[in-house]
Amino acid sequence: MPRPSAPTADQITQATTTLAQVKDFLRTDPPAADALPLLAPLLDENTGVPMLLGDILRAAARVISPQATGPQADEIREIIDGLREAAQEITDWHVLHWDIQRLNRHTPDHPGQPAQA
């Protein structure tokens, strides 16, 4: 498999801008039928934000690990440990995927409709 190219800073900014847009939209208190379709891909158990961010933090720790030499080694190791701990905590939130699925069963498809039984 060929090595993937690095995203640009603009692509990362676009991704975080999109997440901020979702946050701003959800703060307007939209109907659940409008919000849940946005949350489902964000919290997907395999490709959602918790899994991706956890993988990114673990990969960052691996990249930084060889730098843990010399006079700053202890401080760098603390940073690496922090990245790994955060990765595990964030990845644990993938279980929210199941909560979104459960909410979908109790939320109408369109505002004003009764929820499915």
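Note that the coordinates shown come from a computational prediction; the quantities given were computed from them, not determined experimentally.
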Novice: With sequence neighbours left out, write down each residue that passes side-chain contact (heavy atoms from CB on, under 4.5 Å) with Thr8, or none if nothing qualifies.
Specialist: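 Thr8: side-chain contact (heavy atoms from CB on, under 4.5 Å) contacts with Asp10, Gln11.
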Novice: Could you pull out the closest heavy-atom pair between Ala35 and Pro30, with the gap in Å?
Specialist: CB-CG, 4.2 Å
Novice: Side-chain heavy atoms under 4.5 angstrom apart, residues restricted to Ile, Leu, Val, Met, Phe, Trp, Tyr: same cluster for Ile64 and Leu57?
Specialist: yes
Novice: Please list all pairs passing the salt bridge (Lys or Arg N to Asp or Glu O under 4.0 Å) test where one or both residues lie in residues 42-58, with sequence neighbours left out.
Specialist: Asp55-Arg58
Novice: In the hydrophobic clustering (ILVMFWY, side-chain contacts below 4.5 Å, transitive), which residues join Leu52, or is it alone?
Specialist: none
Novice: Please output the side-chain donor-acceptor pairs of residues 81-88 that fall under 3.5 Å, not counting sequence neighbours, one pair per line with the distance.
Specialist:
| residue | atom | partner | partner atom | Å |
| --- | --- | --- | --- | --- |
| Gln88 | NE2 | Asp92 | OD1 | 2.8 |

Novice: What residues join Ile56 in its hydrophobic cluster, counting side-chain heavy atom gaps under 4.5 Å, either direct or through other members?
Specialist: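 Listed partners: none, Ile56 stands alone.
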Novice: Check which hydrophobic residues are tied to Leu96 through side-chain heavy-atom contacts below 4.5 Å, counting indirect links as well, and list them.
Specialist: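 Result for Leu96 is Leu19, Val22, Phe25, Leu26, Leu36, Leu38, Leu39, Leu42, Leu43, Val49, Trp93, Ile100, Leu103.
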Novice: Transitive ILVMFWY cluster of Ile12 at side-chain heavy atoms under 4.5 Å: who else is in it?
Specialist: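 Direct or chained contacts put Ile12 with none.
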Novice: By side chain to side chain donor-acceptor pair (under 3.5 Å), which residues pair with Thr28, not counting sequence neighbours?
Specialist: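 With neighbours one apart ignored, the set is empty.
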Novice: Taking only residues two or more places apart in sequence, or in another chain, which ones meet Gln101 in a side-chain contact (heavy atoms from CB on, under 4.5 Å)?
Specialist: His97, Trp98
Novice: With side-chain hydrogen bond (donor to acceptor under 3.5 Å, both in side chains) as the rule and sequence neighbours excluded, what pairs involving residues 61-76 come up?
Specialist: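 Non-adjacent pairs meeting side-chain hydrogen bond (donor to acceptor under 3.5 Å, both in side chains): Asp74-Arg77.
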Novice: Test of understanding: with side-chain contact (heavy atoms from CB on, under 4.5 Å), list the residues that count as partners of Glu78, not counting sequence neighbours.
Specialist: none
Novice: Which pair of non-hydrogen atoms, one from Pro37 and one from Ala32, has the smallest distance, and what is that distance?
Specialist: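 What the structure gives for the nearest pair is CD-O, 4.2 Å.
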Novice: Which residues pass the side chain to side chain donor-acceptor pair (under 3.5 Å) test with Arg102, not counting sequence neighbours?
Specialist: Asp99
